[in-house]
Amino acid sequence: MTAPLPLAGIRVVEFSHMVMGPTCGLVLADLGAEVIKVEPPGKGDRTRYLTSSGTGFFPAFSRNKKSVQLDTESEADLDTLKRLIDTADVLLENFRPGGLEAKGLGYDALSARNPRLIYLSLKGYLPGPYENRTALDEVVQMQSGLAYMTGPPGRPLRAGAPVNDMMGGMFGAIAIMGALRQRDATGRGQHLQSGLFENAAFLVSTAMLQQALTGQEPTPMPAGKRAWGVYDVFDTRDGGQIFIGVVTDRQWEIFLRELNEPVLDNPDYGTNTERAKRRETLIPLVQSLLIKHDIATLETMCERAGLPFSRIARPWDLFEDPHLKASGGLLPITLPDGRAATVPALPIQFGAERLGVRLDLPKIGEHDEEILGPLRARPTAAD
């Protein structure tokens, strides 16, 4: 961006790993904060070395950050870490309850040294009966009913991305920005928490209220109960798959005109309510008509008509997505093995500008001398 970034001048110490904490740090870093990732000496954050579904965690969430190495088992390094936090506006952590307090890194101890410190704890659960349980994204998807709604009936299934970890980190960033605003008025920081389970509960709020209003249990999404008649994935003549949604009566008129299949011009399908009630017969009928066309023809038809549609993509197809490439939605990074890659930008825009990359993925301890050198050389007021 050409204008000053929104969080320029804010220093954040990121004391976290995996997804939830790093996502929070990423949002703050992209918005302009100086985010300093604290890693164990030597091999660094273990997230750097995850395999299988965890392989992409570190490169996805580590741009625009600085890396320092500190060993919390070393008294000298622990002292340096406290000095670093004395200079910070924000500390964020996602470790087990009580773990940092035992090392003198809890909120009470650190705020006594730095009263303006905003301290975010990213936890499995907010305070309550579950707060000492160990949580994972998959655990809270099962616990909240999100997995129940995602999988076919009787087969709960987690979403295909760490949605709670990522959104929990986003809500943490929102809380931090709110606390920064409050600090402008009070002069003091505060202890914030963001909960993984509570995030999952937020995600299923519409299903909860559907049950409350109707008195009937919503069926899982794959069971096909939809508020709209045509709202499904269809096979195409050339072996492709396309999602098409027809969500208003006006769109139904357009769909009929474009498809030009008289069999659909039936009063039983005249309103969305009637179409939704007859999905069991309507969807197979629509499928029998769409299978006559290849996927490119259907895409052209839907785009021309203004109907919601998408071919079924895989995540790695987005590397070549023309919209993301043209709109600044893919940011350049260098992978740990030296190869160039791109990663999705934050899905926001300021005026005509997207948030970009100021710092590539940091090497382990790349900023030790810049950040820690001055702290090791002189005492602080807290001493």
Side-chain angles (χ1 to χ4, degrees), residues 1-37 45 47 54-67 89-94 118 120 122 137 159-181 192 194 196 199-200 202-203 310 313-335 340-362:
M1 289 180 63
T2 54
L5 290 165
L7 295 183
I10 298 296
R11 171 172 275 194
V12 179
V13 174
E14 180 189 306
F15 207 55
S16 71
H17 60 160
M18 302 301 280
V19 175
M20 194 176 183
T23 298
C24 181
L26 174 69
V27 172
L28 302 175
D30 276 12
L31 287 169
E34 180 191 31
V35 176
I36 301 166
K37 183 175 180 63
D45 187 340
T47 309
T55 303
F57 286 3
F58 183 82
F61 306 120
S62 298
R63 64 178 179 270
N64 290 330
K65 298 180 183 180
K66 298 178 178 180
S67 169
D89 298 281
V90 177
L91 180 139
L92 61 93
E93 59 90 9
N94 67 337
I118 294 166
L120 172 68
L122 297 138
D137 199 321
V163 291
N164 289 288
D165 279 322
M166 295 173 74
M167 285 191 64
M170 291 163 58
F171 276 115
I174 292 169
I176 285 170
M177 288 184 276
L180 286 168
R181 185 73 178 91
L192 309 171
S194 178
L196 202 62
N199 180 82
F202 181 77
L203 287 175
S310 175
R314 303 164 301 178
W316 41 95
D317 294 334
L318 298 185
F319 287 124
E320 298 303 323
D321 184 87
H323 178 82
L324 291 177
K325 292 176 71 172
S327 65
L330 294 173
L331 302 178
I333 59 170
T334 304
L335 297 174
T342 56
V343 64
L346 294 188
I348 55 179
Q349 185 163 312
F350 289 75
E353 296 184 295
R354 298 290 294 270
L355 299 170
V357 177
R358 306 185 314 281
L359 298 170
D360 210 338
L361 306 184

Original post:
Quick one: does Ile333's side chain get under 4.5 Å of Pro59's, heavy atoms only?
Top reply: yes
Original post:
Ignoring hydrogens and geometry, is there a side-chain-to-backbone donor-acceptor pair from Lys37 to Ser16 under 3.5 Å?
Top reply: yes
Subject >> Gap between atom CG of Leu361 and atom CG of Leu359 - 0.5 Å precision >> reply: 10.0 Å
Original post:
Is it true that atom CZ of Phe202 has more than 12 heavy atoms of other residues, nucleotides or ligands lying nearer than 6.0 Å?
Top reply: no
Original post:
Nearest 0.5 Å, what's the CZ-OG1 distance between Phe57 and Thr23?
Top reply: 9.0 Å
Subject >> Asp30 CG to Ile348 CD1 distance, which is reported to the nearest 0.5 Å >> reply: 8.0 Å
Subject >> Atom of Ala60, atom of Leu26 and distance for their closest heavy-atom approach >> reply: O-CD2, 3.8 Å
Original post:
Hey, are the side chains of Ser62 and Pro362 touching, using non-hydrogen atoms and a 4.5 Å cut-off?
Top reply: yes
Subject >> pair Leu355-Leu5: side-chain heavy atoms closer than 4.5 Å >> reply: yes
Subject >> Minimum side-chain heavy-atom gap Leu28-Ile10 below 4.5 Å >> reply: no
Subject >> Spacing of Lys65 atom NZ and Arg358 atom CZ [to the nearest 0.5 Å] >> reply: 11.5 Å
Subject >> The single option from Val35, Thr334, Leu331 passing side chain to side chain contact (heavy atoms under 4.5 Å, CB included) against Arg63 >> reply: Leu331
Original post:
What pairs with Glu34 under salt bridge (charged side-chain N to carboxylate O under 4.0 Å, His left out), at least two apart in sequence or on another chain?
Top reply: Arg11, Lys66
Subject >> Gap between atom CD of Glu93 and atom CG of Leu120 - 0.5 Å precision >> reply: 7.5 Å
Original post:
Atom CG of Leu196 and atom CG of Asn94: how far apart are they, to the nearest 0.5 Å?
Top reply: 10.0 Å
Original post:
Would you say the side chain of Thr342 lies within less than 4.5 Å of the side chain of Leu324, judging by non-hydrogen atoms?
Top reply: no
Original post:
Can you tell which of Leu92, Leu122, Ile118 makes a side chain to side chain contact (heavy atoms under 4.5 Å, CB included) with Leu192?
Top reply: Ile118
Subject >> Set of salt bridge (charged side-chain N to carboxylate O under 4.0 Å, His left out) partners for Arg314, sequence neighbours left out >> reply: Asp317
Original post:
Taking all non-hydrogen atoms of both residues, which atom of Ala345 and which atom of Arg354 are closest, and how far apart?
Top reply: CB-NH2, 3.7 Å
Subject >> Flag, side chain of Asn64 to backbone of Val27, donor-acceptor distance under 3.5 Å >> reply: no
Could you pull out every donor-acceptor pair under 3.5 Å between side chains of residues 162-179 and any protein atom, sequence neighbours left out?
{"from": "Asn164", "atom 1": "OD1", "to": "Asn199", "atom 2": "ND2", "distance (Å)": "2.9"}
{"from": "Asn164", "atom 1": "OD1", "to": "Ala200", "atom 2": "N", "distance (Å)": "3.2"}
{"from": "Asn164", "atom 1": "ND2", "to": "Asp137", "atom 2": "OD1", "distance (Å)": "3.0"}

**OP:** Specify the closest pair of heavy atoms between Phe350 and Leu31, including all atoms of both residues, with the distance to one decimal.
**Re:** CZ-CD2, 3.7 Å
